[in-house]
Amino acid sequence: MSDLSIVSVETTVLDVPLVRPHKFATTSMDAQPILLVGITTGGGVTGYGEGVVPGGPWWGGESVETMQAVVERYLVPVLIGRRVDEITGIMADIERVVAGARFAKAAVDIALHDAWARCLDVPVHTLLGGAFRTSVDVTWALGSAPVEEIIAEAREKIESRKHFSFKLKMGALDPATDTERVLRVTEALAGQAGVRVDFNARWDRLTALRHLPWLADGGVQLIEQPTPGEQLEVLAELNALLPIPVMADESVHTPHDALEVARRGAADVIAVKTTKCGGLRRSREVVAVARAAGLACHGATSIEGPIGTAASIHFACAEPGIDFGTELFGPLLFSEELLQEPLRYSDGQVHLPTGPGLGVELNMDAVKRWTRN
Ligand SMILES: [Mg+2]
């Protein structure tokens, strides 16, 4: 086998334009920043990971700029000279150097998995115990255009058999207007496709108590994180009140967070992002706690590019606990392809890429074109 020791780590910030603006309650983005982390071994093998947050630091405090500083200043010294098959030890040592910063740690964890798998000439899912499925369902996030345009976008996705389930962001508008907007979309798609809503923790308890029952009555399938992440008692109250599943996202970053959600009955489903959890190993621990408590898990996204998305696909295909579908649509929002061979989406699903490592190869010309100067 080739020399597994880590000889260099390179970080690059990309700004990749999107096909249309992607709106959240507090911000909108028309390009997605990505921190690309490349870990190279003495044998000349390079593995990649992505540090990605949805648009900026509003979601969890990290951004590509903070991730680049954390990786270069604090994580690289832990990595150099170690072997790429020492992931457990490396990640334990990293915990002693940097608290939190899970998005940055995820980029390193995934680059290590990609590099190690490439050294062994096996796919990343083999390192996770093997894939037990080769594709997963993908929900599409609809934009924030006027209602008629949103419905037309959804119908186009259904007719082209790309997606059969949709997510709408809420929380940016006046709650009554926002609720009415979502109910119109849900009604128009009734019988054809399900609609879920994500508030990114922007409603307060009373607003949620007043308006969420209308959404449930109107046929919305799932309520994602209506209220602030740390207010688990409020989430538990809403979960007890509502006849449809509640999903925790901002409330769960760690296995212990998942344990608290389970203890309090705060949600039926946990949104597991390999990014926010700090990589593939930590994500597994979150899913294990959820499964032990009988909770479902959704393969969620931070709008990763193709490397981060491929990592999450390997994870979802190797982890039976990801049993509530995925939203691994990130690359479909990008107007530029960063891979030599794009990820394959069809019939409402994304397919597990084949080949060593993450099974995807970057197009270095495209990477250079979108590298931030
Ligand atoms: Mg969310």
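Every number for a ligand or one of its atoms is a count from 1 in the order of the listing. For the numbers below, each heavy atom of this structure counts, side chains included, while hydrogens, waters and symmetry mates do not.
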Next item on the list: For the Mg ion (ligand 1), count the protein N, O or S atoms found under 2.8 Å away.
Entry: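 Counting protein N, O and S atoms closer than 2.8 Å to the Mg ion (ligand 1) gives 3.
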
Determine, for [X] against [Y], whether the closest basic-nitrogen to carboxylate-oxygen distance falls under 4.0 angstrom.
X	Y	result
Glu237	Arg205	yes
Arg133	Glu319	no
Glu327	Lys167	yes

Check: By salt bridge (Lys or Arg N to Asp or Glu O under 4.0 Å), which residues pair with Glu156, not counting sequence neighbours?
Finding: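 Only Lys162 meet the salt bridge (Lys or Arg N to Asp or Glu O under 4.0 Å) criterion with Glu156.
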
Checklist line | Sequence-distant partners of Arg181, salt bridge (Lys or Arg N to Asp or Glu O under 4.0 Å), two or more places apart | finding: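 Arg181: salt bridge (Lys or Arg N to Asp or Glu O under 4.0 Å) contacts with Asp178.
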
Checklist line | Partner residues of His163 under the ring pair (Phe, Tyr, Trp, His ring centres under 6.0 Å) criterion, sequence neighbours left out | finding: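 Result, ring pair (Phe, Tyr, Trp, His ring centres under 6.0 Å) vs His163: Trp140.
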
